[in-house]
Novice: 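Got a structure here, written out as structure tokens. Questions coming.
Both ligands and their constituent atoms are indexed starting at 1 by order of listing. FYI, side chains are in, hydrogens and waters are out, and symmetry mates aren't considered; it's all heavy atoms of this structure.
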Amino acid sequence: MIASTSGCWADHAMRVSVLDAHAPLVVAPGRDAEALPRLLMSDSVKLEVVGLAKRYGSAHALEPTSLEVRRGEFLTLLGPSGSGKTTLLMMIAGLIEPSEGRIRLDGADITDLPAYRRDIGVIFQNYALFPHLTVFENVAFPLRMRRRPEDEIRTAVHDTLRLVRLPHLAERLPRELSGGQQQRVAFARAIVFEPALVLMDEPLGALDKKLRDELKLEIRKLHKELGATVIYVTHDQDEAMLLSDRICLMDRARIVQIDSPPTLYRFPNSPFAADFIGESNLIPAEIAAGPDGQRGLRLPSGHFLATSHSDRFSTSGRVTVLLRPERLQFAPGSAGQNEFCGEAASVTDLGGTVSVLVKLAGGLQLKVVGLGGTPGLPKPGESLVIRVAPEDVVPLPNPEPEG
Ligand code: ADP
Ligand code: MG
């Protein structure tokens, strides 16, 4: 029933989508030629959220939000606590009623369907298993709800328990399992009916770090094997970076950026995004002409930085420059273009990496991260020169003033 190869799940999803396809996806030959490209395009779109919003009185849990999730994609909603991640996920699941907006799954509008009719599997942080049911019966539950025949239930539950590596624990009760095992059962229960979409809300949040790391890799492997479409919620950037095809970064009830992990890291679109993903030096700067007339950035200290990303400049003169600590290098000699003179204020040796806080003239401080054990790492109090390549000088637009 549950296929352990991507092909079967994908085929199944495809079949469901064709059967479920409602009017907008059905084009009579020759009748609506313009609709055809849209039809082809929409085939890769699994879930479509349009203008979805949630208000509690005057409080805005989610501003009107639009989002497309592609078939087979692993998309992560990442953001600080209170940014609206759970609200968005639970509206898609049908567990919170939207104030406005529509949700389409495989082209069909599901906004008004009750949760149990949505063909969506959901996994929560606190497992939410039925305490009085065995592992087998917990996993069988969604199939019993759907009135599947007994022999089909048996096969599907056993196959799914094998997939999450728990076939030997089928007769246990949840309280006889470790946290990691309970979460695997919850995972099995969410996928046993081969849902069109799997939603996970901080599923590893209650586990210790070692188990989290282990389960992270398992989730990634399962996603690849099943070819399932997943929306995953976390506030942990490492988890998001490891698991996701794309990360949807959220802040204060809004989506602020959607990109692949490497793009989000290299080209965040705001100081908030830069600060949330990885480590950063963020410095106010002004767009200016350099000594050779080229466009670049002038720092408050008077330093001029050439950048390969002048096409990213906004029209306004003020930006924030992002310099990633591990992209800064220690250079010999005296400072030239794209180099700073400074003094090592502190040196923190973490074994694998060494973090150096460098004080520059004019009160500016830069964090530099180098590989541990490499020759030429500075000692506290030492004078030094830092170099940054133009491709690592990334200008970011300043946020719009609130109001
Ligand atoms: P996240 O999952 O990103 O931590 P949530 O989606 O849970 O954030 O919450 C987003 C915002 O909506 C928060 O400010 C939260 O306090 C508010 N909120 C969530 N549920 C309710 C509710 N039932 N009543 C009032 N405010 C709520
Ligand atoms: Mg939440």
Side-chain angles (χ1 to χ4, degrees), residues 47-69 73-103 110-111 114-115 118 120-129 179 182-183 186-187 189-190 197-209 211-212 215-216 219 229-244 246-259 261 264 268-278 399 402-403:
L47 180 84
E48 205 180 346
V49 164
V50 185
L52 201 63
K54 182 65 186 179
R55 290 178 291 275
Y56 295 100
S58 62
H60 293 216
L62 189 71
E63 300 291 351
T65 292
S66 297
L67 171 70
E68 279 187 356
V69 185
E73 182 171 36
F74 198 115
L75 181 107
T76 297
L77 308 180
L78 173 69
S81 175
S83 54
K85 307 181 297 293
T86 295
T87 303
L88 174 53
L89 200 77
M90 290 302 127
M91 285 196 283
I92 295 168
L95 299 169
I96 291 178
E97 195 185 334
S99 304
E100 59 186 78
R102 307 307 297 176
I103 305 163
I110 60 164
T111 320
R118 288 193 181 196
I120 294 176
V122 187
I123 302 163
F124 304 96
Q125 176 175 338
N126 58 3
Y127 325 131
L129 299 176
Q182 289 187 50
Q183 196 52 294
F187 198 85
R189 188 179 57 183
L197 179 66
V198 179
L199 307 178
M200 304 191 213
D201 194 353
E202 313 237 9
L204 309 181
L207 306 173
D208 61 53
K209 174 160 168 29
L211 206 53
R212 244 181 7 241
L215 274 178
K216 248 188 298 200
I219 288 177
T229 309
V230 176
I231 307 180
Y232 187 94
V233 164
T234 184
H235 63 270
D236 179 331
Q237 51 142 320
D238 292 335
E239 221 168 279
M241 295 298 272
L242 177 82
L243 289 170
S244 318
R246 284 189 305 158
I247 295 175
C248 171
L249 186 63
M250 298 184 67
D251 183 36
R252 291 181 293 174
R254 283 188 179 82
I255 294 176
V256 294
Q257 186 168 5
I258 307 181
D259 266 310
L264 194 57
N269 66 6
S270 63
F272 167 80
D275 200 37
F276 201 81
I277 310 276
E402 297 261 325

Novice: Using atom types as modelled and distance alone, determine if a side-chain donor or acceptor of Q183 lies under 3.5 Å from a backbone N or O of F124.
Specialist: yes
Novice: Within S81, is some N, O or S atom less than 2.8 Å away from the Mg ion (ligand 2)?
Specialist: no
Novice: Tell me which protein heavy atom sits closest to atom 7 (O) of ligand 1, plus the residue, atom name and distance to 0.1 Å.
Specialist: T86 CB, 3.7 Å
Novice: Provide, to 0.1 Å, the distance between atom 20 (N) of ligand 1 and the closest protein heavy atom, together with that atom's residue and name.
Specialist: Y56 CE1, 3.5 Å
Novice: Spell out, as yes or no, whether a donor-acceptor pair under 3.5 Å connects the side chain of T87 to the backbone of L62.
Specialist: no
Novice: Can you tell which of D201, T87, L62 gets a heavy atom nearest to atom 5 (P) of ligand 1?
Specialist: T87
Novice: Measure the distances from the heavy atoms of P80 to every atom of ligand 1 and state whether one is below 4.0 angstrom.
Specialist: yes
Novice: Quick check: does any side chain N or O of R189 sit under 3.5 Å from a backbone N or O of G121, one acting as donor and the other as acceptor?
Specialist: no
Novice: Considering heavy atoms of the protein only, find what lies nearest to atom 12 (O) of ligand 1 and give residue, atom and distance to 0.1 Å.
Specialist: A61 CB, 3.1 Å
Novice: Hey, does A59 sit under 4.0 Å from ligand 1 if you only count heavy atoms?
Specialist: no
Novice: Look at the side chain of T65 and the backbone N and O of E63, then say whether any donor-acceptor pair between them is shorter than 3.5 Å.
Specialist: yes
Novice: Just by distance, do the side chain of R254 and the backbone of G84 share a donor-acceptor pair under 3.5 Å?
Specialist: no
Novice: Might you point out which heavy atoms bring L78 and K85 nearest each other, and give the distance in Å?
Specialist: C-CD, 3.9 Å
Novice: May I ask whether G79 has any heavy atom positioned less than 4.0 angstrom from an atom of ligand 1?
Specialist: no
Novice: Can you check whether a protein heavy atom sits less than 4.0 angstrom from atom 16 (O) of ligand 1?
Specialist: no
Novice: What residue and atom, counting heavy atoms only, is the protein's closest point to atom 14 (O) of ligand 1, and at what distance?
Specialist: G82 O, 3.8 Å
Novice: Can you tell me if D201 and T86 form a side-chain donor-acceptor pair at under 3.5 Å?
Specialist: yes
